[in-house]
Protein chains: 2
Amino acid sequence: MTVSRQNGLTESQAKVLKTVSDFIAENGYSPTAKEIAEILNITQTSVFEQLERLEKKRYITRQKGAARTIGILSQPENEKPVKKSDSVKLVKVPIIGTIAAGAPIFADENMEGEILVDESNIGKGRFFALRVRGDSMINAGINNGDLVIIKRQPLAENGDIIAALIDSEATLKRLSLTDDEVFLLPENEKYSPINVTCREDFKILGKMVTTVTVL
Amino acid sequence: MTVSRQNGLTESQAKVLKTVSDFIAENGYSPTAKEIAEILNITQTSVFEQLERLEKKRYITRQKGAARTIGILSQPENEKPVKKSDSVKLVKVPIIGTIAAGAPIFADENMEGEILVDESNIGKGRFFALRVRGDSMINAGINNGDLVIIKRQPLAENGDIIAALIDSEATLKRLSLTDDEVFLLPENEKYSPINVTCREDFKILGKMVTTVTVL
DNA sequence: AGAAATCCCAAACATATTTCTGCTTTTTTA
DNA sequence: TAAAAAAGCAGAAATATGTTTGGGATTTCT
């Protein structure tokens, strides 16, 4: 049997993804591997492998060891050919973890990979990239699964979208400096601003310079 | 300690419900009993009991034996107990100046007085009141001389009527957020929208929650 | 063609999670 | 004020669920 590809997924993978998607649509919570397996008439183990592949390809997110935590990511655009032109200067930017645009998620220094970004898009400086989880910045066009590129800097201006540490957890928010208070603002009405005015454990990691959607 | 009721739920139950709701909003999947327990600093068993009660009262749904399957039901609107006079909670709101609903007028911090407002009308938060001058918001039912109560918040939603500072002057307008521009809209054809997209001197003071007509 | 990836399996393993049992204390209701 | 409901706990049972191991068969890539 030929395994054709669509959107970078094989038929099997697409089938699993669709099953998950349909299940969530119908039930409001994600299925277990076993449930997917029963629907597709394959084993749990196979499903598990497919989920791993789907996660690696950034079609879904999962929480290690936690039940029913599959999240479906917005589909990355169909493969964009990488432009190669000698006027483009690509800069390596390390991907160092996942950042919350919802609940803060611990940002460990484990490098997840690297991406190449045209220098003209981000300017000069020291950069790193973080994968976004959550939906608290959707009104700023930053979606679950996106990569954000952060320029390391300890200070930021009012209105900047920044990556910050709060109590050793990283979060992506818009910075709001009022007369005497400092807030981190989500870009989603569902969430509330975080007052960091007097928090000792608050630290700016850097300023977001751009977002990248990676396949 | 008195366990007061709201919406037919006890404080404890409401706390659990809110925890679940917040968790789902932030993570996209429902929490386990253990996770709720950790957040609220009680035991899993207690949480389990609370979830049973919440289910019985039709605030949530669950699937027996399945992990993370709590679903939140829309609040039953029915039983709204008539408020007794002793349940009215009046909140002091300072009147701190005059705000323009026409040409912006300087909003000084001189307190002009205080009014008492029933908390149920405005919710919780930090409030202040401003006297309106001008007629630019008449189509929104806000007239010259009215008092408007503003909830302090640095962020507002599209369509909110907000009090904002522009170049140190306060004004009351409806907020309009388009794809990439921000406008303040008067509610009177005589006046024109103000584009504040790139104005550094623009700051949201808060959102109007109600008006009070004082004779 | 050979290497690498995909796809699938059975059988276990480890732990996450719900659920039960029995008991204490406090608050509300009748 | 007595009974009922609510709230909580410790500890453990029961099972749901993610994960690992060690394969085999097929397809895709180079």
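Lettering follows sequence order; numbering is per chain, from 1.
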How close or far is atom [atom2] of [N] from atom [atom1] of [X], stated in whole angstroms?
X: Ile36(A); N: dC8(C); atom1: CD1; atom2: P; result: 13 Å
X: Leu40(A); N: dC9(C); atom1: CG; atom2: P; result: 10 Å
X: Asn41(B); N: dC9(D); atom1: CG; atom2: C1'; result: 13 Å
X: Lys34(A); N: dA10(C); atom1: NZ; atom2: P; result: 14 Å
X: Glu52(B); N: dG8(D); atom1: CD; atom2: P; result: 14 Å
X: Glu11(B); N: dT27(C); atom1: CD; atom2: C1'; result: 12 Å
X: Leu51(A); N: dC8(C); atom1: CG; atom2: P; result: 12 Å
X: Arg62(B); N: dT17(C); atom1: CZ; atom2: P; result: 15 Å

Across the strands shown, which category fits [X] at heavy-atom distances under 4.0 angstrom: base, sugar-phosphate, nothing?
X: Ser46(A); answer: base
X: Thr45(A); answer: base
X: Arg53(B); answer: base
X: Gln44(A); answer: base

Closer than 4.0 Å, any side-chain N/O of [X] to the OP1 or OP2 of [N]?
X: Thr10(B); N: dA7(D); answer: yes
X: Gln50(B); N: dA7(D); answer: yes
X: Gln63(A); N: dG18(D); answer: no
X: Arg68(B); N: dT17(C); answer: yes

Side-chain donor-acceptor pair present, Thr171(A), Lys173(A), cut-off under 3.5 Å: yes
Kindly say whether, by distance alone, the side chain of [X] makes a donor-acceptor pair under 3.5 Å with the base of [N]?
X: Glu49(A); N: dC8(C); answer: yes
X: Thr43(B); N: dA10(D); answer: no
X: Ser12(B); N: dA6(D); answer: no

Glu55(B)/Lys64(B) ion pair, N-O < 4.0 Å: no
Listed nucleotide nearest any side-chain atom of [X], set [options]:
X: Lys64(B); options: dC9(C), dT17(D), dT19(C); value: dT19(C)
X: Ala67(A); options: dA7(D), dT17(C), dT21(C); value: dT17(C)
X: Phe48(B); options: dG8(D), dC7(C), dC20(C); value: dC20(C)

Check for a donor-acceptor pair, side chain of [X] on one end and backbone N or O of [Y] on the other, with a separation under 3.5 Å.
X: Arg174(A); Y: Leu185(A); value: no
X: Arg68(B); Y: Pro31(B); value: no
X: Thr211(A); Y: Val148(A); value: no

Cation-pi geometry met for Arg62(B) and Phe48(B) (6.0 Å, 45°): yes
